J.: 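Take this structure first; my questions come after.
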Amino acid sequence: MTGILNDLILGLSIALSPNVLVYAVLGCVVGTLVGVLPGLGPLAGMSLLLPLTFGLTPTTAIVLLAGIYYGAMYGGSTTSILMRIPGETASVVTCLDGYEMARKGRAGPALAIAAIGSFVAGTISVFILMLVAPQIARFALKFGPAEYVGLLTLALLSLSQLSNGSRLRALLMSFVGLSLGMIGIDPLSGYARFTFGIHELADGLGIVPLAVGGFGISEILLSVGAKSPPAIKTPRLRELLPNVEEIKRSVGPCLRGTLIGFAIGLIPGSAHIISSFASYAVERKMSKHPEQFGRGAVEGVAGPESANNAAASSAFVPMLALGLPAGAVPAVMLAALMTHGISPGPKLIQEQPHLYWGFVASMYVGNIVLLILNLPLVGLFVRILRIPYSILYPIILVMCILGVYSVGSSTADLWIMFAAGGAGYFLRRANYDIAPAILGFVLAPMFEMSLRQAFTLSSGSLSIFFQRPIAATMLAAALALILLNFWGLFRRVVLRRSGTKP
Amino acid sequence: MIPMRPLFAKLVSGAIAVTALVFIYGSLKMPLGTVLTPAAGLVPLLLGCGTLLLAIVTIVSPEPAVAEDDPGPESESNETERKDQPYDRRWLPRPLLIMVVLGMIIFAFERAGFILSMLGGCFLILRVVERRPLISSLLISLVLSGSLYLIFSKVLYVTLPGGWLEF
């Protein structure tokens, strides 16, 4: 423990040195801007600025890129809360309750809770990472296709928890989303599925145009189609920060979201969006007032935002400890390090302690910088709501188009966004919730790939799911969840028939 | 919660069911494999069947009661117009107009270029849909398209189509 403290002090001395601190702040500012702009996610921001890091030292390069990553995670919640447009895909879940809080004049507290929750989650995650990174990384490597099937089965079961309306409709939308995820070239066989000869559909529909269209464009269409402008209550100055009740209600979700996000972020290839909606589903299950979810429950912001920030930190664990990037963003960081002749791995801590601990300390410093940057900006962001909606929504529309186009520089993505917006409008007018569809879309390809890979490994035998302990545990938990739900339904039916209130 | 219109909701469920049928038809044309060795078409087929079944159940299920004060989309309402801009009901519905303008922007995006398509699209929305004064519509459109061009192109190095203003 003393050794770790000494190393952390070394790291802090590096992270707080003026030249490193400047790049940390710069990264956070650029990242926040990238996160605020819908569609332009941290990966795009980091990739675009990667060439700029070639002339920097390894420590400053990695600190700059990490700052962009964290900043994007922080910034992504801003447009989710203010405009119901996910700034980046992991913020999709924040749209559900964050925007409803804004409509009730609680935009400031929502933004503040998102920032504070992200800070707490990031701090705790860095602390855990600091202590047990190598051990955790070895556990994460045990995840194979069977384990992914277990994890994703649990995730799929919680899809119906996302909607405040009819469970049947939520399930239908989940299936719609899962089906949309099948579009594109099958990665295992190379077969083109539902592309209709359009080569732009070979890579599938894309989460960004679907999410921006389904949430953002449909929201604009619903709002302009309403008889009166959207009833977004503009908060007074003293209402910009959360009250004591909101803070108390956020503590538990924040801590739980941190643990959930950290655990899921460790798993190579897992999407951060899974961590945020897993947290949402857990908070909704644990809440004494689940009916408030989808209507501005602060837990629905605190938990998911903490989860996705914790996932952002833990995603670096396999990269730092084992030299294996757990996703696209750590892969960009790895590329930045390799251009400087550094190969992360088990020996990084011994051979480059100033780089390793400097990076770990800069993650903590970055969280503080983002909190200092974002909390005062809450008042500024909330002022956006004062703009007359007839001027605001064209701005939002243009930002949506730019954000989606910047992902792949393709008008096909814009047309997908257009179609998703139109479909989302009609679905929402019929009281279908879009969130289960978006998340089903994300999970479908991962689930199908893992399932088919698992069957290939086991030569078509189901035994693979029972022989691997992690997979067996997760599938048993999924089965228990299903049985619990059926038991609850059975009890309600019996009690209703006997005339007793459930 | 948006007040529900039962017939409209069932129409949407019907549209989902029809889409599911198309999905099933397409899946059957692909190699299916077996349950324990699924090929490209099996999982889409199962999902299509699940979607169709759920859509049918949704159609035949009773709808929740519509709110008493909900006039529905078909009724003519005497409610006051939006305070910020009067809306002429002889025009097409706003959402449809927005979608038309959005379609025009996307169509022109790579042909005319980012600046011209955004400028034209914003101006159409502000002037034609929102009936804002000419000068303010033009000014807002210019400022918006120009500033976003600067942010995306010069700060974030995102390649934007120049179109007719290629420079």
Side-chain angles (χ1 to χ4, degrees), chain A residues 33-34 40 45 48-49 164-166 168-169 171-172 175-176 178-179 182 186 188-189 191 193-194 217 220-222 224-225 227-229 388-391 394-395 397-399 401-402 405-406 409 411 414-415 418 421-422 425-432 444 448 451-452 455-456 460-462, chain B residues 1-2 4-5 8-9 11-13 16 20 23 26 30-31 34 36-41 43-44 47-48 50-51 54-55 57-58 61 64 77 79 82-85 93-95 98-99 102-103 105-106 109-110 118 121-122 125-126 129-130 132 140 144-145 148 152 155-160:
Chain A
L33 181 66
V34 164
L40 197 66
L48 289 166
L49 295 174
N164 213 30
S166 157
L168 177 64
R169 286 164 182 261
L171 200 56
L172 174 58
F175 269 77
V176 168
L178 289 166
S179 303
M182 297 290 108
D186 176 30
L188 291 178
S189 64
Y191 202 93
R193 300 190 293 195
F194 310 106
I217 304 294
I220 290 172
L221 295 175
L222 280 170
V224 298
K227 292 188 176 69
S228 53
Y389 196 71
S390 58
I391 299 175
I395 299 172
L397 210 61
V398 169
M399 284 169 61
I401 295 170
L402 271 174
Y405 185 78
S406 62
S409 298
T411 46
L414 294 177
W415 287 118
F418 178 86
Y425 170 70
F426 287 111
L427 286 166
R428 290 181 64 193
R429 287 221 39 190
N431 260 328
Y432 280 95
E448 192 205 6
L451 190 69
R452 289 167 69 185
F455 282 133
T456 304
S461 166
L462 286 171
Chain B
M1 198 172 179
I2 301 166
M4 193 141 39
R5 288 84 171 171
F8 182 75
L11 282 173
V12 169
S13 303
I16 295 174
F23 208 74
M30 300 180 207
T34 64
L36 293 181
T37 53
V43 174
L47 288 174
T51 307
L54 286 167
V57 171
T58 310
S61 298
S77 171
E79 265 191 60
R82 292 158 59 110
K83 285 181 187 169
D84 60 348
Q85 203 68 35
R94 276 183 206 259
I98 300 294
M99 288 301 277
L102 183 59
I105 294 173
I106 296 171
F109 198 73
E110 284 191 337
M118 288 300 166
C122 282
I125 291 173
L126 290 167
V129 181
E130 294 300 323
R132 291 213 154 255
I140 293 169
L144 182 62
S145 50
L148 285 174
F152 273 79
V155 176
L156 297 173
Y157 298 99
V158 175
T159 306
L160 294 173

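Below, all heavy atoms of this structure are taken into account, side chains as well, without hydrogens, waters or symmetry copies. Predicted model only: the values in this text are computed from it and were never measured.
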J.: Roughly how far, to the nearest 0.5 Å, is CD1 of Ile220(A) from CE of Met99(B)?
T.: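 Rounded to the nearest 0.5 Å, the CE-CD1 separation comes to 10.5 Å.
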J.: Could you have a look at Leu54(B), Leu126(B), Ile105(B) and say which one has the most heavy-atom pairs with chain A under 4.5 angstrom?
T.: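 Going by pairs under 4.5 Å, I would pick Leu54(B).
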J.: Give the minimum heavy-atom separation between Ser179(A) and Leu47(B), together with the two atoms involved.
T.: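 Nearest pair, atom of Ser179(A) first, then Leu47(B): OG-CB, 3.7 Å.
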J.: Using non-hydrogen atoms and a 4.5 Å limit, figure out which bit of Phe109(B) sits close to chain A: side chain, backbone, both or neither.
T.: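 Phe109(B) touches chain A through side-chain heavy atoms alone.
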J.: Find out whether Ile98(B) and Tyr425(A) are in side-chain contact, i.e. whether some heavy atom of one side chain is under 4.5 Å from a heavy atom of the other.
T.: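 Answer no - side chains too far apart.
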J.: Could you check if a side-chain atom of Leu172(A) sits within less than 4.5 angstrom of a side-chain atom of Val57(B), using non-hydrogen atoms only?
T.: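 No, too far: nothing below the 4.5 Å cut-off.
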J.: Please report the interatomic distance CG(Asn431(A)) to CZ(Phe8(B)), rounded to the nearest 0.5 Å.
T.: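 Taking CG in Asn431(A) and CZ in Phe8(B), the distance rounds to 10.5 Å.
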J.: Find out whether Leu178(A) and Thr51(B) are in side-chain contact, i.e. whether some heavy atom of one side chain is under 4.5 Å from a heavy atom of the other.
T.: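 Side-chain contact under 4.5 Å: no.
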J.: Select, from Val43(B), Val12(B), Ile106(B), the one with the greatest count of heavy-atom pairs under 4.5 Å involving chain A.
T.: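 Max contact count across the listed options: Ile106(B).
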J.: Under a 4.5 Å heavy-atom cutoff, which of Leu462(A), Leu427(A), Leu414(A) has the most pairs with chain B?
T.: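 Ranked by contacts with chain B, first place is Leu414(A).
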J.: For Phe455(A) versus Pro38(B), what's the shortest heavy-atom pair and its separation?
T.: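 The answer is CD1-CD, 3.9 Å.
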J.: Looking at Gly41(B), Gly121(B), Gly50(B), which one has more heavy-atom pairs under 4.5 Å with chain A than the rest?
T.: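 Result: the option with the highest number of such pairs is Gly50(B).
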J.: Between Ser145(B), Ala20(B), Cys122(B), Ala55(B), which has the largest tally of heavy atom pairs under 4.5 Å with chain A?
T.: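 Of Ser145(B), Ala20(B), Cys122(B), Ala55(B), Ala55(B) has the most heavy-atom pairs under 4.5 Å with chain A.
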J.: Do you know the tightest heavy-atom contact between Gly103(B) and Phe418(A)?
T.: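 Closest pair (atom of Gly103(B), atom of Phe418(A), distance): N-CE1, 3.6 Å.
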J.: Check whether any side-chain heavy atom of Ser189(A) sits under 4.5 Å from a side-chain heavy atom of Met30(B), and report yes or no.
T.: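 Not touching, per the 4.5 Å side-chain cut-off.
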J.: State the CG-CD1 distance between Leu148(B) and Ile395(A), to the nearest 0.5 angstrom.
T.: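 Those atoms lie 8.5 Å apart.
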J.: Below 4.5 Å from any heavy atom of chain B, which atoms of Phe194(A) appear? Answer side chain, backbone, both or neither.
T.: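 Both the backbone and the side chain of Phe194(A) come within 4.5 Å of chain B.
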J.: What pair of heavy atoms forms the shortest contact from Ser390(A) to Arg132(B), and how long is it?
T.: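 Heavy-atom minimum between the residues: OG-NH2, 2.8 Å.
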J.: Please give me the minimum heavy-atom distance between Arg452(A) and Ala39(B), naming the atom from each residue.
T.: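 Smallest heavy-atom distance, with atoms named: NH2-C, 3.6 Å.
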J.: In terms of heavy-atom proximity below 4.5 Å to chain B, should Phe426(A) be classed as side chain, backbone, both, or neither?
T.: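 Contact with chain B is through both the backbone and side chain of Phe426(A).
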J.: Specify the closest pair of heavy atoms between Ala40(B) and Arg193(A), including all atoms of both residues, with the distance to one decimal.
T.: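 Where Ala40(B) meets Arg193(A) most closely, the heavy atoms are O-NH1, 2.7 Å.
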J.: Which of these passes side-chain contact (heavy atoms from CB on, under 4.5 Å) with Ile125(B): Ile391(A), Leu397(A), Val224(A)?
T.: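 Output: one option passes, namely Leu397(A).
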J.: Using a cut-off of under 4.5 Å on heavy-atom pairs, state which of Ile16(B), Thr34(B), Leu11(B) scores highest against chain A.
T.: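 Ranked by contacts with chain A, first place is Ile16(B).
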